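Remarks on the structure that follows.
Values in this document were obtained by computation on a predicted structure and should not be read as measured data.
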Amino acid sequence: MTLTPGLRAQLLIMVEMEDTAKRIGSGDVPVLATPRLLALAEAATVRAVERHLAPGETSVGTRVELEHLAASPLGTHVQVGVELTEVDGRRLVFAFEAHDKHTVVGKGTIERIVVDRARFLARATR
């Protein structure tokens with residue numbers, strides 16, 4: 001495992017109906033849903049470290065702090081960037097920020113733990 005602070009990744013989406021609070025069920029308005037914003041941030045953390053894990057390893061989310069600061073209506077392009085800020089053994093801490101062309105949409109931290117995929121799945125299916 002060659003994980004060091006500073007690893008980064010980005011994702012860019014255009015908000016579509018399936019990304020909205022109305023569709024996901026987290027509200028009744030057609031704007032980017034908070035759960036979708038979180039899913040995008042988590043996907044970016046996975047992208048940041050996937051090539052740096054040993055064969056058979058993966059990472060799983062364990063803790064999230066998220067501030068959803070601005071609404072993003074349909075058609076808005078939202079970019080989510082993450083940076084690995086801390087490595088403490090198997091524990092990884094990421095900072096993330098999402099923005100559109102006008103403002104910061106959301107920000108926060110995500111913690112993940114590096115695990116052996118096979119052992120993790122074996123425990124999860126007991």
Side-chain angles (χ1 to χ4, degrees):
M1 184 168 72
T2 59
L3 297 169
T4 57
L7 292 176
R8 296 172 187 231
Q10 293 183 29
L11 293 175
L12 176 66
I13 68 151
M14 182 179 77
V15 178
E16 298 183 26
M17 195 60 179
E18 26 314 316
D19 301 312
T20 65
K22 187 173 185 172
R23 179 64 59 86
I24 290 176
S26 64
D28 63 1
V29 289
V31 299
L32 180 64
T34 302
R36 183 69 176 119
L37 176 58
L38 174 57
L40 292 166
E42 285 200 295
T45 66
V46 170
R47 180 179 284 181
V49 300
E50 64 190 350
R51 292 177 295 165
H52 300 276
L53 298 175
E57 289 183 332
T58 191
S59 66
V60 295
T62 57
R63 187 172 191 280
V64 174
E65 287 185 28
L66 179 144
E67 292 180 79
H68 198 164
L69 303 168
S72 303
L74 289 169
T76 303
H77 287 90
V78 175
Q79 181 171 326
V80 179
V82 301
E83 180 178 355
L84 181 59
T85 59
E86 182 182 343
V87 178
D88 181 15
R90 298 181 309 122
R91 183 175 150 266
L92 311 176
V93 180
F94 296 85
F96 73 89
E97 186 170 286
H99 57 88
D100 61 23
K101 65 181 181 178
H102 302 292
T103 190
V104 174
V105 171
K107 63 183 180 177
T109 60
I110 295 175
E111 291 187 18
R112 300 183 70 81
I113 298 290
V114 176
V115 298
D116 177 275
R117 181 180 287 107
R119 281 194 300 236
F120 179 84
L121 290 172
R123 284 192 305 263
T125 58
R126 292 189 278 178

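Remark: L92 CG to H52 NE2 distance equals 11.5 Å, nearest 0.5 Å. Atoms CG and NE2, from L32 and H68 in turn, are 5.0 Å apart once rounded to the nearest 0.5 Å. The distance from atom CG of L37 to atom OG of S72, rounded to the nearest 0.5 Å, is 8.0 Å. For the atom pair D116 CG and E57 CD, the distance stands at 7.5 Å (nearest 0.5 Å).
Cluster annotation: L66 is connected to V15 through the hydrophobic network of ILVMFWY side chains, with a link wherever side-chain heavy atoms come within less than 4.5 Å. The hydrophobic cluster containing F94 also contains V87, counting ILVMFWY residues as joined when their side-chain heavy atoms lie under 4.5 angstrom apart, directly or transitively. Following chains of ILVMFWY side-chain contacts shorter than 4.5 Å, one cannot reach V115 starting from V93, and the two form parts of different hydrophobic clusters. Note on F120 and I113: same hydrophobic cluster, where clusters join Ile, Leu, Val, Met, Phe, Trp and Tyr whose side-chain heavy atoms are under 4.5 Å apart, directly or indirectly. Hydrophobic clustering, with ILVMFWY side chains joined whenever heavy atoms are under 4.5 angstrom apart, groups F96 together with I13.
The backbone N or O of V114 sits less than 3.5 Å from a side-chain atom of R90, completing a donor-acceptor pair.
Few gaps surround CZ on R91; more than 12 heavy atoms of other groups in view lie less than 6.0 Å from it. Within 6.0 Å of CG in D88 there are more than 12 heavy atoms belonging to other residues, nucleotides or ligands.
In this view, S59 and V49, R112 satisfy the side chain to side chain contact (heavy atoms under 4.5 Å, CB included) rule, not counting sequence neighbours. Checked against salt bridge (charged side-chain N to carboxylate O under 4.0 Å, His left out), R23 has no partners two or more places apart in sequence or in another chain.
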* Starting from the C-alpha separation in whole Å, work towards a yes-or-no answer on side-chain contact (heavy atoms from CB on, under 4.5 Å) for K22 and M17. => CA-CA 8 Å; K22 187 173 185 172; M17 195 60 179; 4.1 Å; yes
* Show the numbers, then the answer: is there a side-chain contact (heavy atoms from CB on, under 4.5 Å) between L53 and L3? => CA-CA 7 Å; L53 298 175; L3 297 169; 3.8 Å; yes
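Salt-bridge check for K107 with E97: failed, with every basic side-chain N at 4.0 Å or more from each acidic carboxylate O.
The one candidate from V31, I24, V78 that meets the side-chain contact (heavy atoms from CB on, under 4.5 Å) condition with R36 is I24.
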